[in-house]
Asks: 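This is the structure I want to talk about, given as structure tokens.
On a predicted model such as this, the values are computed, not experimentally measured, just so you know. Each chain gets a letter, A, B and so on, in the order the sequences are listed, and its residues count up from 1. As a basis for the values below, the full set of heavy atoms in this structure was taken, side chains included, without hydrogen atoms, waters or symmetry mates.
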Amino acid sequence: MAIDTPKPVRGTQDIFGAEAEAFAFVVETFERVRRLYRFRRVEMPVFERTDVFSRSLGETTDVVSKEMYSFLDRGGESLTLRPEFTAGIARAYLTDGWRQYAPLKVATHGPLFRYERPQKGRYRQFHQLDAEIIGAAEPQADVELLAMADQLLKELGVADGVVLQLNTLGDAASRDKWRAALIEHFRSVAAELSEDSQQRLEHNPLRILDSKEERDRRFVADAPQIDQFLSGEAQDFFGAVTGGLDAAGVAWTRNPALVRGLDYYRHTAFEFVTDRLGAQGTVLGGGRYDGLMESLGGPETPAVGWAAGIERLAMLVGARGEDVTDVIIVAESDDTIHLAIKATARFRELGYSAELLASGSPRKRFDKAAKSGANAIVSLRTDMSGVTSNVREANPAAGKIEQAWLQMKPFILP
RNA sequence: GCGAUCGUAGCUCAGUUGGUUAGAGCGCCGGUUUGUGGUACCGGAGGUCGCGGGUUCAAACCCCGUCGAUCGCCCCA
């Protein structure tokens, strides 16, 4: 009776080989860069009580109603696999007394879960890098955060073809006025908008601005812009951010159509965008979310943050080779296997990556080792003169390995 | 939720207008050759042709359904 092999869950991925190396490279680079900017590492739970997300995102939104992995635990409590980092970090800031550290710069990375249709650069379990500055109202925090993002992309070697798009949503009052003006503008031409955008007019009018429909374009082009509604303070804030970016040497372009769907976003919104990833071009995005803490029952707390998809960054980084093995020890005859094990252990103690090759047809073992592209091969075999060894150096990097072998040889061979 | 394309060996893919026992390369295993050697040759294992139904004398191939993958739409915290 054959047993069916369980299939992987839709939207999950098993990352292996060169892709896994690219993934690790992204994470390692992030860890290095966040230390340069003195962001403190935090480890967050992978699941939270559902209200952590539903209250911060808004009960009625699509994201909450159908794109979260929510379930009842055995105690009957509704829990949710985290679909983002920000809400959980905000919760911890309030419940763990992190206010004492404000302004607090934290960074983390790990898996997130969203119930969505998989497509290029989009998975149901995916992974993000995340950086937040909490309790900092000043525009310098935005600049610092963006400078780190910019340096990260440069150090990953993916900055080419990636542009920082920047916008401001203003303070709450500016934002509300802009929103009202947009609704009025689009409502007057509603019949001529695309079907999708007519829907958006009802529940998310700001999204009409980045509609992909050709027929929406001309109405988007002459839509009211946020600049007409910005208060003096909001203008000053945005000016301080852009001025700071210029001083930090961070290139940016204004995108007045860049918006955020959620109400808690204020002031700065930004995305690093590329055209090299198909329909999912945002590589890193974030903004200022001064209104979030209050939705979780906390005091008014200014904060700004970003997140970046590790898979998308890894795709831009491209496949990366795995490290070549320093040395392969080949037991060319079975009676040398114990000697080969000993030698392998010794090489590893000395800090060389070493692989033992002692299986399969003895006469093909050396060829297999040679094909693997290791820096050096030490082969052992018994012939009429006893156990003999042979070192083969594939490249100049192997000189030290031969020296190491010559030193350990008297202690290993009989 | 919607649409398009695609599912043949571990991997990459052939497979003609439907026609005998479904193939190749790579990889894997074994043998021979070579014997400081990454060579060459021979052999072997490995397939419910995603799954289920239908049409037909006959289906990997045509039709329907289903599952999965990919890409896009919607959405995007």
Asks: Side chains of Gln13(A) and Glu311(A) only: does a donor on one sit below 3.5 Å from an acceptor on the other?
Replies: yes
Asks: Can you tell me how far C1' in G68(B) sits from the matching atom in G50(B), rounded to whole Å?
Replies: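 Taking atom C1' in both G68(B) and G50(B), they lie 7 Å apart.
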Asks: Say you pick atom P in A59(B) and the same atom in U21(B); how far apart are they, in whole Å?
Replies: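 The answer is 11 Å between these two P atoms.
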Asks: Just compare C75(B), A77(B), G30(B) and give me whichever is closest to any side-chain atom of Ser361(A).
Replies: G30(B)
Asks: Could you check whether atom CD of Gln228(A) has more than 12 heavy atoms from other residues, nucleotides or ligands sitting under 6.0 Å from it?
Replies: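 Buried by this count: over 12 neighbours within 6.0 Å.
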Asks: Ser333(A) and Asp335(A): side-chain donor and acceptor closer than 3.5 Å?
Replies: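 Yes, a side-chain donor-acceptor pair sits under 3.5 Å.
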Asks: Taking atom P of C11(B) as reference, at what distance in whole Å does atom CG of Asp14(A) sit?
Replies: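 After rounding, the reported distance stands at 13 Å.
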Asks: Report the nucleotide, chosen from C75(B), C67(B), C29(B), that has the shortest atom-to-atom distance to any side-chain atom of Lys368(A).
Replies: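 Closest nucleotide to the Lys368(A) side chain: C29(B).
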Asks: Describe, in one word, how the ring planes of Phe113(A) and Tyr69(A) are oriented to each other, choosing from parallel (under 30°), tilted (30 to 60°) and perpendicular (over 60°).
Replies: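 Plane angle over 60°, so perpendicular.
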Asks: Whom does U20(B) pair with, Watson-Crick or G-U wobble, provided both distances fall under 3.5 Å?
Replies: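 The answer is none; no pair meets the criterion.
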Asks: If you check the Tyr265(A) side chain, which of A77(B), G35(B), G38(B) turns out closest?
Replies: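 Among the listed nucleotides, the one closest to the side chain of Tyr265(A) is A77(B).
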Asks: Got a donor-acceptor pair under 3.5 Å from the side chain of Arg122(A) to the base of C75(B)?
Replies: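 Check passes, donor-acceptor contact within cut-off.
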Asks: Rounding to a whole Å, what distance do you find between Arg365(A):CZ and C29(B):C1'?
Replies: 13 Å
Asks: Would you mind telling me which of G38(B), A69(B), C73(B) lies closest to the side-chain atoms of Arg10(A)?
Replies: A69(B)
Asks: At 4.0 Å (heavy atoms only), tell me whether Gly373(A) reaches a base, stays on the sugar-phosphate, or touches nothing.
Replies: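 Nothing: the residue Gly373(A), judged by heavy atoms under 4.0 Å, touches no strand.
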Asks: Ignoring hydrogens and angles, state whether a donor on the side chain of Gln407(A) or Gln403(A) is under 3.5 Å from an acceptor on the partner side chain.
Replies: no
Asks: Counting Watson-Crick and G-U wobble pairs only, both distances under 3.5 Å, name the nucleotide matched with G1(B), or none.
Replies: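 Base-paired to C73(B).
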Asks: What is the separation between atom CG on Asp367(A) and atom P on C41(B), rounded to the nearest whole Å?
Replies: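 Distance, rounded to whole Å: 14 Å.
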Asks: Mind checking the C1' distance from U34(B) to U70(B)? Whole angstroms is fine.
Replies: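 Those two atoms are separated by 47 Å.
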Asks: Rounding to an integer number of angstrom, what distance separates C49(B) and C11(B) when you compare their P atoms?
Replies: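 Straight-line distance between the two P atoms is 16 Å.
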Asks: Looking at every strand, decide which applies to Gln199(A) at a 4.0 Å heavy-atom threshold: base, sugar-phosphate, or nothing.
Replies: nothing
Asks: Which base, if any, makes a Watson-Crick or G-U wobble pair with G35(B), both distances under 3.5 Å?
Replies: none
Asks: Where each residue is assigned the nucleotide of RNA chain B containing its nearest heavy atom, which of Pro118(A) and Arg207(A) is assigned the position nearer the 5′ end?
Replies: Pro118(A)
Asks: Please measure how far the P atom in G25(B) lies from the corresponding atom in A14(B), and state the result in whole Å.
Replies: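 Per the computed distance, 16 Å lies between those P atoms.
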Asks: Using a cut-off of less than 4.0 Å, is there contact between a side-chain N or O of Lys371(A) and OP1 or OP2 of G27(B)?
Replies: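 Yes, because at least one side-chain N or O of Lys371(A) sits under 4.0 Å from OP1 or OP2 of G27(B).
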Asks: Can a side chain N or O of Lys212(A) be found less than 4.0 Å away from OP1 or OP2 on C73(B)?
Replies: yes
Asks: Between Arg117(A) and Ser211(A), which has a closest nucleotide on RNA chain B that is more 5'?
Replies: Arg117(A)
Asks: Are a donor atom and an acceptor atom from the side chains of Thr253(A) and Gln165(A) found within less than 3.5 Å of each other?
Replies: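 Per modelled atom types, Thr253(A) and Gln165(A) side chains form no pair under 3.5 Å.
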Asks: Looking for any heavy atom pair under 4.0 Å, which part of the strands does Arg200(A) touch: base, sugar-phosphate only, or nothing?
Replies: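 Sugar-phosphate, backbone atoms only, no base.
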Asks: What integer number of Å spans the C1' atoms of A40(B) and G35(B)?
Replies: 14 Å
Asks: Can you tell me the distance, in whole Å, between the CD atom of Gln13(A) and the P atom of A69(B)?
Replies: 12 Å
Asks: Would you kindly say whether Thr86(A) and Glu132(A) are connected by a side-chain donor-acceptor distance under 3.5 Å?
Replies: yes
Asks: How would you label the contact of Gln119(A) with the nucleic acid (heavy atoms, under 4.0 Å): base, sugar-phosphate, or nothing?
Replies: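 The residue Gln119(A) makes base contact.
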Asks: Both distances below 3.5 Å, Watson-Crick or wobble geometry, any strand: find the nucleotide opposite G27(B).
Replies: none
Asks: Atom CZ of Arg124(A) to atom P of A77(B): distance rounded to whole Å?
Replies: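 Roughly 19 Å, once rounded to whole Å.
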Asks: Under a 3.5 Å cut-off for both distances, is G68(B) Watson-Crick or wobble paired, and to whom?
Replies: C6(B)
Asks: Using Watson-Crick or G-U wobble geometry with both distances under 3.5 Å, which nucleotide pairs with C62(B)?
Replies: G54(B)
Asks: On a whole-Å scale, what distance lies between the C1' atoms belonging to A22(B) and A60(B)?
Replies: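 The answer is 8 Å between these two C1' atoms.
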Asks: Of the candidate nucleotides U32(B), C71(B), G35(B), which contains the atom at the shortest distance from the side chain of Lys364(A)?
Replies: U32(B)
Asks: Looking at Arg114(A), I'd like to know whether one of its side-chain N or O atoms comes within less than 4.0 Å of OP1 or OP2 on C75(B).
Replies: no
Asks: Nearest-Å distance, CD (Glu195(A)) to P (C73(B))?
Replies: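 Rounding to the nearest Å, CD of Glu195(A) and P of C73(B) are 17 Å apart.
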Asks: Can Arg41(A) and His109(A) be counted as having a side-chain donor-acceptor contact under 3.5 angstrom?
Replies: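 Indeed, the side chains of Arg41(A) and His109(A) share at least one donor-acceptor pair under 3.5 Å.
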Asks: Of the nucleotides G35(B), A77(B), C73(B), which one has an atom closest to the side chain of Arg363(A)?
Replies: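 Ranking G35(B), A77(B), C73(B) by closest atom to the Arg363(A) side chain puts G35(B) first.
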Asks: Expressed in whole Å, how much space separates the C1' atoms belonging to C2(B) and G44(B)?
Replies: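 Result for the C1' pair: 50 Å, nearest Å.
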Asks: Does the side chain of Asn204(A) get closer than 4.0 angstrom to OP1 or OP2 of C76(B) through an N or O atom?
Replies: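 So the side-chain polar atoms of Asn204(A) do come within 4.0 Å of the phosphate oxygens OP1 or OP2 of C76(B), strictly under.
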Asks: Whole angstroms only, please: what is the CZ-C1' distance between Arg260(A) and C75(B)?
Replies: 14 Å
Asks: Could you tell me the separation between the CD atom of Glu116(A) and the C1' atom of G72(B), rounded to a whole number of Å?
Replies: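 Atom CD in Glu116(A) sits about 14 Å away from atom C1' in G72(B).
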